[in-house]
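Excluded from the calculations below are hydrogen atoms, water molecules and symmetry mates; all remaining heavy atoms, backbone and side chain alike, are included. Note that the structure is predicted; figures quoted are calculated from it, not measured. Note on naming: letters A, B, ... go to the chains in the order of the sequence lines (proteins, then strands), and numbering restarts at 1 for each one.
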2 protein chains.
Amino acid sequence: MEKEQTASMEDYLEAVAMLRRRGKAVRVKEISQALGVKMPSVTAALKKLSDDGLVEHERYGRVKLTPAGDRAAKSVFHRHQVLLRFLTQVLSISPQIAVEDACRMEHSISPITLERLSKFLEFAGACPRERPSWLENYKHYLEYGQLPASCPEKSVKE
Amino acid sequence: MEKEQTASMEDYLEAVAMLRRRGKAVRVKEISQALGVKMPSVTAALKKLSDDGLVEHERYGRVKLTPAGDRAAKSVFHRHQVLLRFLTQVLSISPQIAVEDACRMEHSISPITLERLSKFLEFAGACPRERPSWLENYKHYLEYGQLPASCPEKSVKE
DNA sequence: TTAGAATGTTAGGTCTGGCTAACTAAAGGT
DNA sequence: ACCTTTAGTTAGCCAGACCTAACATTCTAA
């Protein structure tokens, strides 16, 4: 079992993975800018992650994720993405706010809740799109504060 | 504007409010048991909250929330409840897990997201309950891994 | 090829939020 | 009334995660 990381360490792992994905050479400076912390904080974090076998980092050199580090980073990223999709696609929250919330909540969501949220998104995507679906009804409700006319008050037998 | 509290301080405030609501005299011991920390940690936290004007606590005495402390505690509690309802009622997560998640996420959810989640619950409660509603369809999907027969694949024109 | 700029590290400090050990106050039973 | 138990406090320690200041290395461009 991979060792549990703190929210902070998860942020560092995620940042390294992100920077890699963008092709940039992963340097201390970049990480520090990405996370809004000073370089010495990054150095300290990398030492810790290195001790835990999650990154490779030689003095003054580039930063690389180990396979374990990569798995850990992917896990954080996945949580981030699921939350982000839920916040934007279902709750209709603006991308800026959604990203901020995802960044904070990605560290406290449990695997079970994550899985359910994911299933919920699948369901929302799979269930009827045609005509005002329940999701569209929700958006109407958000905007006008009341249920849309198309939202059946009484059942429509079958 | 009330001063922003840390997750930890919010937990103390919430615990005090909870104990009060249950009629129990709010003592250091109780708080410590409720939060799973040792008594000296509680004493320290109460000193800080007292400095911030959120609780009243005289040496060896009972603990009381000030009006500001009460507002802060209510805010945390409200976040907790909205999350809890969403997790249990919409995502169908078991109460135990849902409580744990709510306890962690209540500290990182933004006011906007909270508000949307709340609206979502209102909507889910208001929109058609008769016949398999979209929420019931979701539960079916959770259980059987596929959309229920009653989930229209094609639109039903009006 | 070498000096200066840019980048990175080390040392040491702060703040938060836990802990244990040792002390003090309050409560309660006989 | 007093002596023990229980509750609460104080003091002091530790770890995480940040910071600044000072020092070291690497890169780059004249």
Side-chain angles (χ1 to χ4, degrees), chain A residues 2-16 19-20 22-65 69 72-73 76 103-104 106-108, chain B residues 2-16 19-20 22-65 69 72-73 76 103-104 106-108:
Chain A
E2 321 280 0
K3 201 183 155 206
E4 284 290 302
Q5 291 297 317
T6 62
S8 184
M9 291 304 119
E10 284 191 345
D11 282 335
Y12 285 103
L13 288 170
E14 197 181 12
V16 171
L19 292 169
R20 262 226 59 270
R22 286 183 209 156
K24 313 210 150 200
V26 185
R27 303 211 310 324
V28 169
K29 184 95 183 297
E30 305 271 0
I31 301 172
S32 114
Q33 284 173 345
L35 294 179
V37 299
K38 302 296 179 180
M39 290 200 293
S41 306
V42 176
T43 303
L46 291 176
K47 176 162 188 330
K48 184 157 184 309
L49 291 172
S50 180
D51 289 348
D52 291 350
L54 299 176
V55 306
E56 277 170 45
H57 177 225
E58 55 216 47
R59 284 170 109 262
Y60 300 101
R62 302 289 176 278
V63 181
K64 256 191 62 184
L65 292 173
V76 183
C103 278
R104 279 177 285 109
E106 71 194 11
H107 305 297
S108 51
Chain B
E2 320 282 359
K3 203 183 152 207
E4 283 290 301
Q5 291 297 316
T6 62
S8 184
M9 290 304 118
E10 285 191 344
D11 281 336
Y12 284 104
L13 288 170
E14 197 181 12
V16 172
L19 291 170
R20 261 227 63 270
R22 286 184 210 154
K24 310 211 152 202
V26 185
R27 310 228 277 342
V28 169
K29 185 94 181 297
E30 305 269 359
I31 301 172
S32 114
Q33 284 173 344
L35 294 178
V37 300
K38 302 298 180 177
M39 289 200 294
S41 306
V42 176
T43 303
L46 290 177
K47 176 164 188 330
K48 187 158 182 310
L49 291 172
S50 180
D51 289 347
D52 291 349
L54 299 176
V55 306
E56 276 170 46
H57 177 224
E58 54 215 48
R59 285 170 107 263
Y60 298 101
R62 302 290 176 277
V63 181
K64 256 193 63 185
L65 292 174
V76 183
C103 279
R104 277 177 285 108
E106 70 194 11
H107 305 297
S108 51

Without swapping roles, check the side chain of B:Ser32 against the backbone of B:Val37 for a donor-acceptor pair under 3.5 Å.
yes
Would you name the heavy atoms of A:Met9 and A:Ala45 that are closest together and state the gap between them?
CE-CB, 3.8 Å
Quick one: is D:dC18 close enough that its OP1 or OP2 comes under 4.0 Å of any side-chain N or O from A:Tyr12?
yes
Taking C:dG8, D:dG8, C:dT16 as options, the one with an atom nearest any side-chain atom of B:Val28 is D:dG8
Would you mind reading off the distance between B:Lys29 atom NZ and C:dA25 atom C1', rounded to a whole angstrom?
16 Å
Whole angstroms only, please: what is the CE-P distance between B:Met9 and C:dT16?
9 Å
How long is the line joining NZ of A:Lys47 and P of D:dA17, in whole Å?
14 Å
Find the distance B:Lys38:NZ to D:dA7:P and express it as a whole number of Å.
14 Å
Walking DNA chain D from its 5' end, the first of A:Met39 and A:Arg62 to be reached, judged by nearest nucleotide, is A:Met39
So which one's nearest nucleotide on DNA chain D is more toward 5', B:Pro40 or A:Pro40?
B:Pro40
When you check the phosphate oxygens OP1 and OP2 of C:dT10, does a side-chain N or O of A:Arg59 lie under 4.0 Å from one of them?
yes
Are more than 12 heavy atoms, taken from residues, nucleotides or ligands other than B:Arg20, located less than 6.0 Å from that residue's CZ atom?
no
Rounded to whole angstrom units, what separation is found between the NE2 atom of B:His107 and the P atom of C:dT16?
17 Å
Using a cut-off of 4.0 Å on non-hydrogen atoms, how would the nucleic acid contact of A:Ser41 be classed: base, sugar-phosphate, or nothing?
base
Verify the contact: side-chain N or O of A:Ser8 to OP1 or OP2 of D:dC18, cut-off strictly under 4.0 Å; return yes or no.
yes
Using atom CD of B:Glu58 as one end and atom P of C:dT24 as the other, report the distance to the nearest whole Å.
21 Å
Does C:dT10 have its OP1 or OP2 closer than 4.0 Å to a side-chain nitrogen or oxygen of A:Thr43?
no
B:Gln33 CD to D:dG8 C1': how many Å, rounded?
14 Å
Using every non-hydrogen atom in the two residues, find where B:Leu46 and B:Val55 come nearest and quote the distance to one decimal.
O-CG2, 3.7 Å
If I take atom NZ in residue B:Lys48 and atom C1' in nucleotide C:dT16, what distance separates them, rounded to the nearest angstrom?
8 Å
If I take atom CG from residue A:Leu13 and atom CG from residue A:Leu49, how far apart are they, to the nearest 0.5 angstrom?
5.0 Å
